[in-house]
Amino acid sequence: MPATEAGEASNPEAQIFFAMTDANLRDKPTISGSAILGKLPHGSQVTGIIQPGSGVDGGWLELSDGNGFVALVNLSQIQPPVLVKSLNDQPWVADGFIDVWATTLSDSTLLDRLREGAQVTLVGTTADNFIEVKLADGRYGYLADAPSILARIGGKAIAIGFNPQTCAFSGEIGAEFAKIGGQLRAQWQALEAKEFASESARQKAYAAVEGKSKYLRLRRSFEGLSVTGLAQHYESQSLYFDDAPAKVIEVFRAQGFAIGRDGLFKGTDLYAGIAATRGEGAAYGKTELGCGV
């Protein structure tokens, strides 16, 4: 029986509902002039009798245990799915248009549609491969295709082409390194063209930039890894990940790279390896894929 019909019945019976968000418990069936007694956590089961609301308030559920009233807009008779894995309320930024569903059922209504850049909180995954999320306005919903989203949890998914023989990266990463290289060349050209008051002043200006590393923060994902930054050093390059070295090594081995137990790429005369970050690089990720002389 629909909630409105139950609310109008001459002999209303207690019904079971579930909180679809963190709902307020009030001492009266109205928003105006009522006091908040507490919170009903998302997913909680409650039993009560439907009371009609007034004006913009809509209907209310008077709890059978006498603990107050909850607005029907925050309740549903469909029980939220059980979460099989917690995602620890991890923030995630949508990388495109993504539908948010009210439930995981095939006939679920569309709750919202995220735009690229919208931030949600990832609560946990369900047995049928949905992700329960908390929206910015406090509502809860479900995203389909959990494996795909979890693979992109670090940001927009990209491909990484890497040649350990030459230290060359291709694709978006290669383009970013090329951009940094152009900026560094322009910086040196400007120094060479500048007139200095003395040779010592020239040497001081050169020393200020010589051997300095240039860093760039990123937010990308690659095969379940979070790519967090890159750096161009004097004679080497680094790509940073917010994942442990063992995980990064495992993923690159799965891509066909021969990597030893020490994290070094095999069959190259240059240095190419995966290891925990140190020094300045630690501010850009947990693991570094470094390559150079």
Side-chain angles (χ1 to χ4, degrees), residues 90-98 114-120 122 131 143 145-188 212-259 263-265 267-268 270-293:
Q90 180 170 348
W92 182 64
V93 178
D95 52 12
F97 287 101
I98 300 177
L114 302 178
R115 291 179 174 271
E116 182 175 356
Q119 182 165 310
V120 296
L122 304 182
I131 296 181
L143 309 182
D145 196 7
S148 173
I149 292 173
L150 292 177
R152 313 193 313 266
I153 205 166
K156 181 180 178 181
I158 60 169
I160 295 179
F162 173 61
N163 185 347
Q165 303 290 338
T166 62
C167 292
F169 289 88
S170 59
E172 181 181 347
I173 299 300
E176 292 294 347
F177 274 120
K179 189 185 303 181
I180 290 177
Q183 294 170 351
L184 292 176
R185 285 192 297 274
Q187 185 179 40
W188 279 104
K212 298 292 184 180
S213 298
K214 188 172 181 62
Y215 294 86
L216 174 68
R217 292 192 185 277
L218 295 174
R219 186 180 177 85
R220 302 288 188 271
S221 62
F222 171 69
E223 301 296 328
L225 300 176
S226 295
V227 185
T228 49
L230 56 81
Q232 178 66 59
H233 311 295
Y234 180 58
E235 293 183 316
S236 64
Q237 296 173 321
S238 296
L239 188 61
Y240 298 104
F241 301 86
D242 192 30
D243 304 275
K247 184 177 179 180
V248 178
I249 290 171
E250 179 184 355
V251 169
F252 276 86
R253 280 177 178 162
Q255 300 299 307
F257 290 96
I259 304 175
L264 296 178
F265 287 78
T268 175
L270 300 174
Y271 166 80
I274 297 172
T277 52
R278 297 179 299 174
E280 284 185 280
Y284 293 84
K286 299 175 183 176
T287 296
E288 171 189 7
L289 189 167
C291 191
V293 298

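Quantities reported herein were computed from a predicted structural model and do not represent experimental measurements. Any value given below was found using the heavy atoms of this structure, including those in side chains, with hydrogens, waters and symmetry copies removed.
Using cut-offs of 30° and 60° on the angle between ring planes, the pair F162 and F257 is tilted.
Among residue pairs with one or both ends in residues 273-293, those qualifying as side-chain hydrogen bond (donor to acceptor under 3.5 Å, both in side chains) are S238-E288; sequence neighbours excluded. Residue pairs meeting the side-chain hydrogen bond (donor to acceptor under 3.5 Å, both in side chains) criterion with at least one partner in residues 242-255, sequence neighbours excluded, do not occur; the list is empty.
Residues satisfying the side chain to side chain donor-acceptor pair (under 3.5 Å) criterion with S148, sequence neighbours excluded, are R152.
Interatomic distance, CD of Q119 versus CG of L114, reported as 11.0 Å (0.5 Å rounding). Distance CZ/F265 to OH/Y271: 9.0 Å, rounded to 0.5 Å. Separation of atoms OH (Y234) and OG (S213) is listed at 12.0 Å; rounding is to 0.5 Å. With rounding to the nearest 0.5 Å, the separation of CD in E116 from NZ in K156 is 7.0 Å. Rounding to the nearest 0.5 Å places CG of L239 at 5.0 Å from CD1 of I173.
Put simply, the side chain of Q165 gets close to the backbone of G267: a donor and an acceptor are under 3.5 Å apart. For the pair E176 (side chain) and I180 (backbone), a donor-acceptor distance under 3.5 Å is absent.
With a 4.5 Å cut-off on side-chain heavy atoms, F177 and L216 do not count as touching.
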